[in-house]
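Just so we're on the same page: letters track the sequence lines, and every chain starts at 1.
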Amino acid sequence: MNQNPYSTALLAWYQANARDLPWRRSDASAWSILVSEIMLQQTPVARVLPAWEAWLQRWPAPADLAAEPPGEAVRMWNRLGYPRRALNLHASACAIVERHGGEVPSTYPELRALPGVGAYTAAAVASFAFGGRHAILDTNVRRVLARAHTGVQYPPKAPTRSETELAESLLPADAAVAARWGVAIMELGALVCTARSPACADCPIASQCAWRLAGKPAHDGPPRRAQTYAGTDRQVRGRLLAVLRDSEGPVPKDALDAVWNEPIQRERALDALVADGLVDPREDGTYALPG
DNA sequence: AAGACGTGGAG
DNA sequence: TCTCCAAGTCT
């Protein structure tokens with residue numbers, strides 16, 4: 001049926017060990033799945049759970065969100081991080097209403113065309129919401145493939161062509177099986193084949209894992225540089241936006257000036273937020289979330 | 001095609 | 001405390 005050597009073991013493992021996440025339930029709408037995928041970008045499941053519930057309760061369909069100003073999406077996003085995702089979700093909702101009659105599109109190209117929807121998210125929604133046959137290549141899958149197939153501890157910094165080709169070569173032929181296999185290998189990376197301390201004893205494909213068989217050699221190459229945060233523009237942007245989020249209406253410039261004492265950096269961060277459409281400078285000199 | 005882009009929990 | 005990292009995307 002396919003050349004995937006551990007499909008059966010992986011599927012069985014998933015059957016027995018998958019988390020009961022709300023966006024995986026059979027009654028989850030395509031919209032709710034899209035929302036979950038955007039929220040989960042670079043953000044842990046535990047923090048997404050409550051945000052996802054609140055979001056869907058307020059905006060059960062794309063049209064509900066599209067009917068509100070983008071600033072409300074940013075406010076609702078709260079402290080999930082990367083607030084441009086809220087803007088993208090709002091813009092996606094508008095596009096879905098305008099171009100797709102209010103229904104989340106089902107094909108990869110249509111999904112990929114939505115703002116904030118890249119290769120991973122388009123494949124994930126097409127697969128998880130619509131049962132399409134697409135290779136899922138997120139950080140979990142990339143790590144599993146790096147270990148099981150390539151025999152190294154960590155995947156390359158950025159996704160490569162060969163990783164995509166490997167993932168596609170492993171895809172079960174049947175679309176429904178492929179969709180299930182996609183979540184399964186992702187779940188394996190999230191629960192067992194983790195970044196720091198993989199639980200190889202619990203791994204259904206341990207006997208075929210190239211990295212384990214090689215004695216789990218440590219990562220070879222330059223250290224994976226951690227992202228700095230303290231003192232960066234990102235931190236300033238975060239503080240600036242928090243003031244606007246926590247305020248009912250427009251705020252005077254003084255309130256923004258108070259969050260950071262270095263004026264050059266502060267102005268640069270504010271200008272960038274305005275350029276990104278996350279902050280709306282008003283004629284009276286005050287600032288607000290976009291209306 | 002490196003680097004920017006938030007936030008908070010775990011070890 | 002400090003580093004790492006969590007279902008990426010965009011420029």
Side-chain angles (χ1 to χ4, degrees), chain A residues 18-19 21-24 28 32-52 74 77-89 91-92 111-129 134-144 153-161 163-164 167 179 182-191 193-198 219 222-245 259 265 268-269 271-273 275-279:
Chain A
R19 290 169 291 182
L21 301 174
W23 46 82
R24 281 182 184 162
S32 77
I33 291 172
L34 173 60
V35 172
S36 79
E37 290 301 337
I38 299 292
M39 287 185 169
L40 286 162
Q41 291 169 1
Q42 302 285 282
T43 308
V45 168
R47 287 177 50 211
V48 167
L49 249 10
W52 182 86
V74 175
W77 199 254
N78 199 19
R79 304 186 67 82
L80 256 195
Y82 293 141
R84 59 180 50 172
R85 291 183 292 167
L87 233 35
N88 286 152
L89 211 33
S92 284
L111 288 161
R112 182 66 184 77
L114 298 173
V117 176
Y120 162 74
T121 303
V125 174
S127 178
F128 305 157
H134 301 275
I136 305 300
L137 201 62
D138 77 323
T139 188
N140 291 304
V141 177
R142 295 183 61 222
R143 190 172 52 247
V144 172
Q153 188 176 19
Y154 298 119
K157 300 237 179 300
T160 62
R161 180 61 173 279
E163 283 182 278
T164 301
V183 260
I185 190 168
M186 192 165 31
E187 190 77 335
L188 184 69
L191 299 183
C193 194
T194 59
R196 283 182 172 155
S197 48
H219 173 69
R224 316 184 330 145
R225 203 173 86 228
Q227 53 185 355
T228 55
Y229 182 65
T232 62
D233 287 11
R234 288 158 82 169
Q235 182 179 26
V236 185
R237 288 167 57 111
R239 288 195 185 182
L240 254 15
L241 204 56
V243 172
L244 297 178
R245 250 192 343 248
V259 306
Q265 185 178 29
R268 184 172 67 227
D271 287 348
L273 285 172
D276 287 349
L278 283 162
V279 172

What interatomic distance, in whole Å, is found between [atom1] of [M] and the corresponding atom of [N]?
N	M	atom1	result
B:dG8	C:dT9	P	23 Å
B:dA1	C:dG8	C1'	16 Å
B:dG6	C:dA6	C1'	12 Å

Whether [X] side chain and [Y] backbone form a donor-acceptor pair below 3.5 Å:
X	Y	value
A:R85	A:W77	no
A:R245	A:N78	yes
A:Y120	A:E37	no

Integer-rounded Å distance: [N] [atom2] and [X] [atom1]:
X	N	atom1	atom2	answer
A:R79	B:dC5	CZ	P	17 Å
A:L87	B:dC5	CG	P	15 Å
A:Y229	B:dT7	OH	C1'	6 Å
A:L273	B:dC5	CG	P	9 Å

Given the rule in the side chain to side chain donor-acceptor pair (under 3.5 Å) test, do A:N140 and A:R143 qualify, once you have shown the distances and angles that lead to the verdict? CA-CA 5 Å; A:N140 291 304; A:R143 190 172 52 247; 3.0 Å; yes

Going by number, which of residues 233-243 of chain A have a non-hydrogen atom under 4.0 Å from DNA chain B?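 Residues of residues 233-243 of chain A under 4.0 Å from DNA chain B: A:D233, A:R234, A:R237, A:G238.
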
Classify every nucleotide of nucleotides 3-11 of chain C by which part a protein heavy atom approaches to under 4.0 Å, writing B for the base, S for the sugar-phosphate alone and - for neither, in 5'-to-3' order. BBBBBBSS-

Test side chain to side chain donor-acceptor pair (under 3.5 Å) applied to [X] - qualifying residues, sequence neighbours left out:
X	result
A:Q235	none
A:R47	none
A:R239	none

For A:A51, all residues meeting side chain to side chain contact (heavy atoms under 4.5 Å, CB included), sequence neighbours excluded: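 For A:A51, the residues satisfying side chain to side chain contact (heavy atoms under 4.5 Å, CB included) (neighbours in sequence not counted) are A:M39, A:L80.
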
